[in-house]
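Whatever order the structure lists ligands and atoms in, that order sets their numbers, starting from 1. In this text, all values refer to a predicted model and were calculated from it rather than measured experimentally.
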Amino acid sequence: MILILLGAPGAGKGTQAQRLQDKHGIVQLSTGDMLRAAVKAGTEIGLKAKAVMERGELVSDDIMTGIISDRLDQPDCEKGAILDGFPRTEAQAEALDKMLAEKNLSLNVVIEMKTDDEVLVERITGRYTCANCGAGYHDTFLKPAKEGVCDKCGGTEFSRRSDDKAETVKSRLEAYHKQTAPLLPYYREKGILKQVDGMAEIDEVTRQIEGVISSI
Ligand code: AP5
Ligand code: MG
Ligand code: ZN
């Protein structure tokens, strides 16, 4: 199964993708995480992406399409993939259709996580992740059971993203509305767009996504 989680920055794509990966064994492909890893490793793509990401703008379509195409060829994608943060422009959506056809794969569903912009700044500025395993948390909305200790791996080091500042969030939201939101009618016309309420509590959003998946 190939599914896309589509939503604004902070809508909860990563949080829900991790849960789907744990439950169904379909791999989460987060283009944001891949770019952050490339920046950290100092690769050519990382060097190109760093400044763009810190401005809250989008990295070029060619780079992103190449990354996803290579990633889909890896053996861990055999059971399927959850696309988290890709596609983000109409050019990426068209390139995805083409590459899936070439790979004999098909896109099963696009799940829109609907949110109001007002809640997103608080979600993003309160976010942190386990430095060891990448599990995501929030200062208010999703604390580990024991403060300072990761639920998943017991790690005690956490990190925050350098693009999670309130000023950068504004540019990221603008990029979403201008460049990514037009994908909603694109997928609606194909008849594969479903919606969940991204404003609901995290567990409720998971229930709604599970409902969508079991209906396809
Ligand atoms: P990316 O990493 O994809 O960032 P984003 O789209 O801005 O989305 P986020 O990761 O911020 O949010 P999320 O929806 O995953 O929310 P989360 O689950 O963490 O991209 C970063 C950058 O990389 C881009 O700006 C761009 O430069 C570049 N890039 C990436 N892909 C690209 C592409 N395809 N093309 C071009 N450039 C690309 O949740 C947020 C917080 O809220 C968490 O703390 C969580 O615990 C909490 N939370 C989650 N759900 C709820 C809920 N229902 N209620 C309360 N709190 C919640
Ligand atoms: Mg994310
Ligand atoms: Zn951890």
Exercise. For ligand 1, which part of Tyr128 has a heavy atom less than 4.0 Å away: the side chain, the backbone, both, or neither?
Worked result: neither
Problem set entry | Protein heavy atom at shortest distance from atom 19 (O) of ligand 1 | Arg127 NH1, 2.6 Å
For this session: Could you tell me which non-hydrogen atom of Ala8 sits nearest to which non-hydrogen atom of Leu120, and how far apart they are?
Result: CB-CD1, 3.6 Å
For this session: Tell me which part of Met199 gets within contact of ligand 1: side chain, backbone, both or neither, using heavy atoms under 4.0 Å.
Result: neither
Exercise. Residues two or more places apart in sequence or in another chain: which of them pass side-chain hydrogen bond (donor to acceptor under 3.5 Å, both in side chains) with Asp73?
Worked result: Lys103
Exercise. Hey, is Arg161 touching ligand 1 through its side chain, its backbone, both or neither, going by heavy atoms under 4.0 Å?
Worked result: side chain
For this session: Determine whether any heavy atom of Gln16 lies closer than 4.0 Å to an atom of ligand 1.
Result: no
For this session: Quick one: give me the number of protein N/O/S atoms under 2.8 Å from the Zn ion (ligand 3).
Result: 4
Exercise. Going by heavy atoms, is Gly7 under 4.0 Å from ligand 1?
Worked result: no
Seminar exercise, completed: ring-ring contact (aromatic ring centres under 6.0 Å, His included) filter on Tyr128, not counting sequence neighbours, yields Tyr137, Phe158
Problem set entry | For Glu54, side-chain hydrogen bond (donor to acceptor under 3.5 Å, both in side chains) partners two or more places apart | Ser162
Exercise. Does Arg123 approach ligand 1 within less than 4.0 angstrom via side chain, backbone, both or neither, non-hydrogen atoms only?
Worked result: both
Exercise. With a 4.0 Å heavy-atom cut-off (strictly under), which part of Ala200 contacts ligand 1: side chain, backbone, both or neither?
Worked result: backbone
